[in-house]
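All values reported here derive from a predicted model rather than from experimental measurement. Quick note: residue numbers are just sequence positions, from 1.
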Amino acid sequence: MAITFRFENCSAEDIAEITARANRIIGLAPELAKITKLNPELKKWFGGGAEEAIKKIKIMSDYLTKKCRTITFKKTVAGNKCDGVPVEITDYGQVIPTVRAPALVRSNDPLDQVQSGLRVFLSPLYFSTDEEYEKDNCIYHELTHKIIMTVDYRYGPDDCEEFAKTHPAYVHKNADNYGYLMADLAADLDQGSAIGKLFA
């Protein structure tokens, strides 16, 4: 199922870049979902929380390939607010938290708890950095907030690797850990490696 992208406040150049990156990241989501066992890459980002992370990675893939119909990307500028929070020049992206009402959900299927359309706010640092790795992280990171209700316990690769070692009961809830796992797969492909080399 093809996902339609919509854009607000974006230039033609922004639209081309975001479309290419989002298509690539969403296209790689099923590759991450093929992980069914512990391996060095999964252990690096999730440590003892890897088994729970595997389940959530599958939910991500199922949503992006079976249910999601639209994703709206809105470019924000420093000084504006997103969900009442000021946008900072050092922000990559934001989303408005997903509010779920379990009593209204009539199914145990986690996909039933997420709308078919998502909205992602891309912030100043996303557009000013040349760090492809961080941009890949940003797209998947923000999607995990909406789909599997991740939070932001830690940011940055070093802190996230450490978090995987020290907090196995919480790491599967941290958005950046998923983002960096995806960014590693994308970087592997950019270097000409076959899909799944890191994840065999």
Side-chain angles (χ1 to χ4, degrees), residues 3-15 17-19 21-22 25-26 29 45 49 52-53 56-57 59-60 63-64 67-105 110-160 162-164 167 169-183:
I3 298 173
T4 299
F5 299 130
R6 295 177 180 160
F7 300 91
E8 296 178 17
N9 302 340
C10 293
S11 68
E13 185 179 354
D14 294 335
I15 290 171
E17 190 275 336
I18 297 165
T19 298
R21 188 175 308 280
I25 293 305
I26 289 166
W45 294 116
E52 193 62 33
K56 292 188 174 185
I57 289 166
I59 293 169
M60 289 290 296
Y63 175 81
L64 292 168
K67 184 169 183 180
C68 187
R69 290 184 172 77
T70 61
I71 301 175
T72 300
F73 292 99
K74 181 173 182 177
K75 184 177 185 177
T76 62
V77 296
N80 285 359
K81 288 189 175 181
C82 175
D83 195 30
V85 177
V87 175
E88 304 285 344
I89 199 164
T90 54
D91 291 339
Y92 274 103
Q94 293 170 281
V95 293
I96 294 174
T98 300
V99 178
R100 306 251 168 89
L104 300 178
V105 177
L111 297 188
D112 289 343
Q113 300 181 41
V114 190
Q115 296 177 347
S116 62
L118 304 177
R119 187 175 183 82
V120 175
F121 298 83
L122 293 175
S123 304
L125 190 53
Y126 179 91
F127 295 97
S128 64
T129 187
D130 348 349
E131 292 282 342
E132 300 296 318
Y133 187 70
E134 290 295 345
K135 286 185 169 189
D136 288 341
N137 166 42
C138 175
I139 297 291
Y140 198 67
H141 168 127
E142 298 303 338
L143 293 175
T144 68
H145 281 318
K146 299 297 285 182
I147 301 166
I148 56 174
M149 295 184 72
T150 55
V151 295
D152 294 318
Y153 288 126
R154 297 286 189 281
Y155 291 110
D158 293 340
D159 283 351
C160 287
E162 183 64 22
F163 194 55
H167 292 80
Y170 295 94
V171 69
H172 67 90
K173 299 176 183 178
N174 194 55
D176 246 12
N177 288 73
Y178 291 96
Y180 287 124
L181 179 67
M182 172 60 82

Student: Ring centres of Y140 and Y180 under 6.0 Å apart?
Tutor: no

Student: For A175 versus T144, what's the shortest heavy-atom pair and its separation?
Tutor: CB-OG1, 3.5 Å

Student: Quick check: do Y63 and I148 have side-chain heavy atoms less than 4.5 Å from each other?
Tutor: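 No - every pair of side-chain heavy atoms lies 4.5 Å or more apart.
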
Student: Please name the pair of heavy atoms, one in H172 and one in Y178, separated by the smallest distance, quoted to 0.1 Å.
Tutor: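 Answer, listing the atom of H172 first, then Y178: O-OH, 2.6 Å.
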
Student: Ignoring hydrogens, what is the shortest heavy-atom contact between A22 and I139? Give both atom names and the distance.
Tutor: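 Where A22 meets I139 most closely, the heavy atoms are CA-CG2, 4.4 Å.
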
Student: Okay, side chain of K173, backbone of M149: is any donor-acceptor separation there less than 3.5 Å?
Tutor: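 No.
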
Student: Which class fits the ring pair Y155 and H141: parallel under 30°, tilted 30 to 60°, perpendicular over 60°?
Tutor: parallel

Student: Quick check: closest heavy atoms across W45 and V171, and the distance to 0.1 Å?
Tutor: O-CG2, 3.5 Å

Student: Short question: side chain of N137, backbone of A183 - any donor-acceptor pair under 3.5 Å?
Tutor: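 No; zero donor-acceptor contacts below 3.5 Å.
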
Student: Are the side chains of V77 and F127 in contact, using a 4.5 Å heavy-atom criterion?
Tutor: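 With C-beta onward as the side chain, the pair stays apart.
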
Student: Of all the heavy-atom pairs spanning A29 and L64, show the shortest one and how long it is.
Tutor: CB-CD1, 3.9 Å

Student: Please determine if K135 forms a cation-pi arrangement with Y92, meaning its NZ or CZ atom is less than 6.0 Å from the six-membered ring centre and no more than 45° off the ring axis.
Tutor: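 So K135 doesn't make the cation-pi contact.
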
Student: Using a 4.5 Å cut-off on heavy atoms from C-beta on, say whether the side chain of V120 contacts that of L143.
Tutor: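 They are in side-chain contact.
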
Student: Quick check for you: to the nearest 0.5 Å, what is the distance between L125 atom CG and D91 atom CG?
Tutor: 8.0 Å

Student: Does any N or O in the side chain of D83 come within less than 3.5 Å of the main-chain N or O of I96, such that one atom is a donor and the other an acceptor?
Tutor: no

Student: In Å and rounded to the nearest 0.5 Å, what is the SG to CG distance from C10 to L122?
Tutor: 7.0 Å

Student: So R154 and Y170, do their side chains get closer than 4.5 Å, heavy atoms only?
Tutor: no

Student: Find the distance between CZ (F163) and CG (N177) and round it off to the nearest 0.5 Å.
Tutor: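 Rounded to the nearest 0.5 Å, the CZ-CG separation comes to 7.0 Å.
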
Student: I'd like to check M182 versus D136 (side-chain heavy atoms, cut-off strictly below 4.5 Å). Are they in contact?
Tutor: no

Student: What are the two closest non-hydrogen atoms of G156 and D176, and how far apart are they?
Tutor: N-OD2, 2.9 Å

Student: Going from OG1 on T70 to CG on L118, what distance comes out if it is rounded to the nearest 0.5 angstrom?
Tutor: 7.0 Å

Student: Can you establish whether the number of heavy atoms outside Y133 located under 6.0 Å from its atom OH is more than 12?
Tutor: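 Check passes, neighbour count above 12.
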
Student: Kindly indicate whether the side chain of N9, heavy atoms from C-beta on, has any atom under 4.5 Å from the side chain of K74.
Tutor: yes

Student: Are any of the side-chain nitrogens in R21 or E132 under 4.0 Å away from the carboxylate oxygens of its partner?
Tutor: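 So R21 pairs with E132 through a salt bridge.
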
Student: Using a 3.5 Å distance criterion without hydrogens, assess whether the side chain of T19 forms a donor-acceptor pair with backbone atoms of I15.
Tutor: yes

Student: Under the 3.5 angstrom rule, does the side chain of T72 hit a backbone N or O of F7 as a donor-acceptor pair?
Tutor: no

Student: Does the side chain to side chain contact (heavy atoms under 4.5 Å, CB included) test come out yes or no for Y153 and D159, once each step is laid out?
Tutor: CA-CA 10 Å; Y153 288 126; D159 283 351; over 6 Å; no

Student: Would you indicate whether the side-chain heavy atoms of P157 and E134 approach each other to under 4.5 Å?
Tutor: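 E134 reaches P157 side chain to side chain.
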
Student: Atom CE of M60 and atom CD1 of I147: how far apart are they, to the nearest 0.5 Å?
Tutor: 4.0 Å

Student: Between CD1 of I26 and CD1 of I3, what distance do you get to the nearest 0.5 Å?
Tutor: 4.0 Å

